[in-house]
Amino acid sequence: MQTLKDMLAASLWAKGLTPEQMRRVAAETTEKAVPAQGFVCRRGESVQHWIGVIDGLVKMTNLSADGKPTTFTGVPNGGWFSEGSLLKNEPRRYDIVALRASRIAYMPRATFMWLLDTSIEFNRFLVVQLNERLGQFIAMVEHDRLLGPDARVARGLAGMFNPHLYPGMGNRLEVSQEELGYLAGLSRQRVNQSLKLLEQAGLLRVEYGGITVLDMDGLNKFEDS
DNA sequence: TCATTAAATTGTT
DNA sequence: AACAATTTAATGA
């Protein structure tokens with residue numbers, strides 16, 4: 001559990017800001033508690049905020065025509081998202097749902113645009129963030145088609161520890177196996193099997209209410225068929 | 001602080 | 001999907 005101020009201070013993009021810039025950001029960014037399974041924001045809404053996860057875990061998800069939910073990625077503590085839709089000024093394409101009770105930071109569009117206009121550092125950060133995100137999604141398409149369930153769990157987990165997108169993550173992720181199932185698109189039972197396999201491979205440790213990553217590199221390289 | 005109970009999560013079928 | 005086992009959190013003595 002951390003405060004909005006802590007989170008801002010820990011965010012990479014905030015490091016290059018002047019004290020005045022920092023003050024404005026802190027003053028205009030609001031915080032909201034979202035219960036588990038609650039909507040952080042909905043598909044179709046016009047995008048008015050850049051959104052950060054102060055504490056908790058959210059997923060970017062969508063419903064296919066036949067009602068099957070598809071989760072694209074999870075965003076843990078310290079992650080910011082929505083810059084793409086903000087820049088394009090289009091309606092939001094995905095539902096953002098809290099996987100557990102979370103506290104969310106909302107930076108108004110005006111503040112975001114102002115940072116974009118005044119801070120070189122902020123622009124630099126965004127370029128890196130967009131590039132990382134692009135890589136993440138490309139990799140995800142690849143994985144969904146080429147890798148088996150065990151590897152998908154492995155890569156999905158590894159993706160949540162991306163230091164560019166989600167700085168300051170420890171090596172422990174507090175997420176139930178059920179939640180991992182939502183993220184990987186697998187049943188809880190299958191996730192349970194996968195986690196055991198990965199544990200036997202020495203890549204992570206399965207714990208009550210979460211997992212601890214032991215070998216990030218190994219997770220990224222894990223393959224099966 | 002310890003014991004009991006309820007709730008959440010895991011492991012297995 | 002259902003069930004049992006396990007862990008944590010909450011309660012009260």
Side-chain angles (χ1 to χ4, degrees), chain A residues 1-4 6-7 10 31-42 51-79 81 94-105 140 143-144 147-162 165-166 168-225:
Chain A
M1 183 74 99
Q2 53 178 350
T3 66
L4 173 58
D6 291 337
M7 191 228 186
E31 183 183 337
K32 186 179 156 196
V34 179
Q37 311 307 319
F39 283 91
V40 175
C41 44
R42 288 171 182 273
I51 298 170
V53 178
I54 301 171
D55 188 73
L57 180 66
V58 306
K59 63 173 173 178
M60 303 175 61
T61 176
N62 217 345
L63 291 178
S64 59
D66 53 349
K68 287 177 186 168
T70 309
T71 296
F72 298 108
T73 188
V75 182
N77 295 9
F81 57 92
Y94 319 105
D95 284 325
I96 309 292
V97 178
L99 280 180
R100 62 166 184 263
S102 304
R103 290 184 309 127
I104 307 298
M140 204 172 302
H143 297 163
D144 273 349
L147 298 179
D150 299 320
R152 286 221 304 277
V153 172
R155 306 295 178 95
L157 278 173
M160 303 259 283
F161 289 87
N162 183 320
L165 293 175
Y166 317 121
M169 282 272 297
N171 56 350
R172 174 145 217 278
L173 184 64
E174 284 189 16
V175 56
S176 72
Q177 295 175 8
E178 189 172 24
E179 286 171 344
L180 278 179
Y182 297 146
L183 288 172
L186 300 170
S187 68
R188 182 177 69 78
Q189 290 91 327
R190 193 60 187 78
V191 169
N192 182 267
Q193 287 186 310
S194 296
L195 288 178
K196 282 187 182 170
L197 188 74
L198 295 172
E199 184 174 44
Q200 280 176 18
L203 303 179
L204 54 78
R205 200 164 46 231
V206 179
E207 291 150 358
Y208 184 86
I211 58 102
T212 294
V213 174
L214 301 175
D215 183 354
M216 188 74 58
D217 200 43
L219 281 181
N220 270 311
K221 288 177 179 162
F222 187 87
E223 286 186 23
D224 65 8
S225 57

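These numbers come from a predicted model, not from an experiment.
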Please report, rounded to the nearest Å, how far the [atom2] atom of [N] is from the [atom1] atom of [X].
X: A:Ile211; N: B:dT10; atom1: CD1; atom2: P; value: 11 Å
X: A:Leu186; N: B:dT10; atom1: CG; atom2: P; value: 15 Å
X: A:Glu207; N: B:dT9; atom1: CD; atom2: P; value: 15 Å
X: A:Glu178; N: B:dA7; atom1: CD; atom2: P; value: 17 Å
X: A:Glu174; N: C:dA9; atom1: CD; atom2: P; value: 9 Å
X: A:Arg205; N: B:dT10; atom1: CZ; atom2: P; value: 15 Å
X: A:Glu179; N: B:dT9; atom1: CD; atom2: P; value: 7 Å
X: A:Arg100; N: B:dT9; atom1: CZ; atom2: P; value: 10 Å

**Asked** Can you check whether A:Asn192 has a side-chain N or O nearer than 4.0 Å to OP1 or OP2 of B:dG11?
**Response**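 So the side-chain polar atoms of A:Asn192 do come within 4.0 Å of the phosphate oxygens OP1 or OP2 of B:dG11, strictly under.
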Please determine whether a side-chain nitrogen of the Lys or Arg among [X] and [Y] lies less than 4.0 Å from a carboxylate oxygen of the Asp or Glu.
X: A:Lys59; Y: A:Asp95; value: no
X: A:Lys221; Y: A:Glu223; value: no
X: A:Arg205; Y: A:Glu199; value: no

**Asked** In terms of the nearest nucleotide of DNA chain B, which residue is placed more toward the 5' end: A:Arg188 or A:Tyr208?
**Response**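 The residue whose closest nucleotide sits nearer the 5' end is A:Tyr208.
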**Request:** For A:Arg172, look at atom CZ and say whether over 12 heavy atoms of other residues, nucleotides or ligands are found less than 6.0 Å away.
**Result:**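 Atom CZ in A:Arg172 is packed in, count exceeds 12.
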